[in-house]
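What follows is one structure encoded as structure tokens, with my remarks underneath.
Remember, predicted model here, so these are calculated numbers, not experimental data.
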Amino acid sequence: MKPMRLAKIFPFFCALLLPITLQTSFAQSKIKFPYSITSKSLGYGPMLASAKLGFMDREGLEPQLVYVRGADKSLAAVLAGSVYVSASGSDAHIAAVERGIEVVMIGGTINGLSQVLMTTKNIQTLNDLRGKIIGATSATSGLGFALRRYFKAKGFEYGRDYQILATGSAGPTLAALAAGQVHAAALGVPLNFVAADQGFHPVGRIIDVIPSYQFGAFTVSRAVAEKNRPLMVRFMRAMIAVHRWFYNNKEAAVGFVAKELELAPDYARRGWEYYVENKIWPIDAGVNVEGVNVATQIFWEASQAKGAVPGPQKYIDQSFQKEALKELGVR
């Protein structure tokens, strides 16, 4: 089974791997710091704020936040040296490490699953989804893998009892549900609230079956991170500061995501409350170790990998975050 395009993309980009040369401008002392996210969404709200509200600047870093759709392409950008850090899916990271690629997670930003199964009016319960098609951003990685674990726990067998249709990003997923192309859709907060106001209704929350899951992590080249440790620690200082700010400044954070994501204030507020109450955003930008363990188990099952499931320490290095916490005096 080949669950993702990573196998095709990485060999090409590995040949392009070059050491990062830190770029500085003669006109300013800040270090240019390119980093990426895979979507402009609530989950990556702290990342957006890190660039736009001065958190990176305060660490002497000139933020260059870019969007690279797809975790596999995002990690390839890290290996090519075009971005220093990728905030992307943990399953792509795990797949890369298992192929011998020297990448490592140094922190986290989406440490859980916010997706809710929203259905059409004629489907009243989860059991009514037997024989139906579920829309999701992916069928063969990330959320698709998590959905399989969720339905398995509910007594469904993938392929026999239901199908997953890859519908792309969140907006097209809701559009597919509205057009009747799928019978249900796994929609992340706060898009599930939008769907509810359009007449769709929830029949299940993924987090109720999978309470711990590392969805979005900070991935770096292991060699580059070690060579530029002080720089990566400064990055983690900025990430810790912005995640703490999100927790401690509700109205300002809600206002920021509402404007940045063009959300109605009520949706932004309910989204913030869900993420904070369920600790989806890590307050100290750390990796959810148990979440990495669960993500690895799910990846192992879905990809039919051989041998024992590795422990999470194979994929993470918490020393950068711990050093940043120490420098900030955070306990």
Side-chain angles (χ1 to χ4, degrees), residues 1-4 43 89-92 94-95 110-168 170 172-174 176-189 191-193 195-196 198-216 274 277-280 288 290-310 312:
M1 179 178 179
K2 295 182 180 178
M4 52 182 62
S90 61
D91 60 303
I94 293 165
I110 308 178
N111 286 21
L113 294 162
S114 72
Q115 286 73 19
V116 178
L117 283 166
M118 305 296 294
T119 68
T120 53
K121 295 177 182 179
N122 60 325
I123 295 175
Q124 299 300 316
T125 68
L126 188 71
N127 198 53
D128 293 335
L129 287 176
R130 291 185 183 276
K132 301 297 193 294
I133 301 173
I134 317 299
T137 54
S138 172
T140 56
S141 64
L143 178 58
F145 287 172
L147 276 174
R148 294 190 204 183
R149 168 68 71 93
Y150 174 84
F151 277 107
K152 183 178 181 180
K154 297 295 184 178
F156 287 64
E157 182 178 322
Y158 177 64
R160 184 192 70 186
D161 297 320
Y162 69 100
Q163 299 290 335
I164 298 176
L165 176 66
T167 44
T173 301
L174 176 56
L177 179 63
Q181 295 173 352
V182 296
H183 302 95
L187 298 175
V189 171
L191 200 58
N192 65 305
F193 302 134
Q198 293 179 3
F200 301 103
H201 62 274
V203 294
R205 301 194 318 166
I206 310 303
I207 199 170
D208 292 336
V209 170
I210 311 174
S212 288
Y213 187 86
Q214 187 67 55
F215 195 74
Y274 181 94
E277 289 170 7
N278 292 282
K279 296 181 173 59
I280 304 294
N288 178 350
E290 176 56 24
V292 174
N293 186 44
V294 172
T296 306
Q297 293 173 2
I298 291 174
F299 173 82
W300 230 248
E301 293 171 7
S303 63
Q304 300 177 0
K306 306 294 185 182
V309 179

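- Here the CD1 atom belonging to I280 is positioned 9.0 Å from the CD1 atom belonging to I110, to the nearest 0.5 angstrom.
- Here D208 pairs with R205 under the salt bridge (charged side-chain N to carboxylate O under 4.0 Å, His left out) rule; sequence neighbours left out.
- Not counting sequence neighbours, the partners of A170 by the side-chain contact (heavy atoms from CB on, under 4.5 Å) test are L191.
- Contact detail for F215 and L143: the closest heavy-atom pair is CE1-N, 4.3 Å.
- At distances below 3.5 Å, at least one donor-acceptor pair connects side-chain atoms of T167 with backbone N or O atoms of A136.
- Checked against side-chain hydrogen bond (donor to acceptor under 3.5 Å, both in side chains), S138 has the following partners two or more places apart in sequence or in another chain: S141.
- Scanning for ring pair (Phe, Tyr, Trp, His ring centres under 6.0 Å) contacts around Y274 gives an empty result, with sequence neighbours left out.
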- Message: Please determine whether side chain to side chain donor-acceptor pair (under 3.5 Å) holds for the pair D128 and T125, giving the CA-CA distance in whole Å, both sets of side-chain angles, and the decisive distance to 0.1 Å.
- Response: CA-CA 5 Å; D128 293 335; T125 68; 3.3 Å; yes

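- Partners of F151 under the ring pair (Phe, Tyr, Trp, His ring centres under 6.0 Å) rule, at least two apart in sequence or in another chain, are F156, Y162.
- From I207, atom CD1 reaches atom OG of S212 across 8.5 Å, with rounding to the nearest 0.5 Å.
- When side chains are defined from C-beta on, Y150 counts as touching L117, because their heavy atoms get closer than 4.5 Å.
- Side chain of S114 to backbone of V189: a donor-acceptor contact under 3.5 angstrom is found.
- Residues G307 and W300 approach most closely at O-NE1, 3.0 Å, considering heavy atoms.
- When side chains are defined from C-beta on, V182 does not count as touching I134, because their heavy atoms never get closer than 4.5 Å.
- At a cut-off of 3.5 Å, with distance as the only test, a side-chain donor of H201 or T119 sits close to an acceptor on the other residue.
- For residues 151-167, every residue pair satisfying the salt bridge (charged side-chain N to carboxylate O under 4.0 Å, His left out) rule, not counting sequence neighbours, is listed here: R130-D161, E157-R160.
- Checking each of N288, N111, D91 against Q214 for a side-chain hydrogen bond (donor to acceptor under 3.5 Å, both in side chains) leaves exactly one that passes, namely N111.
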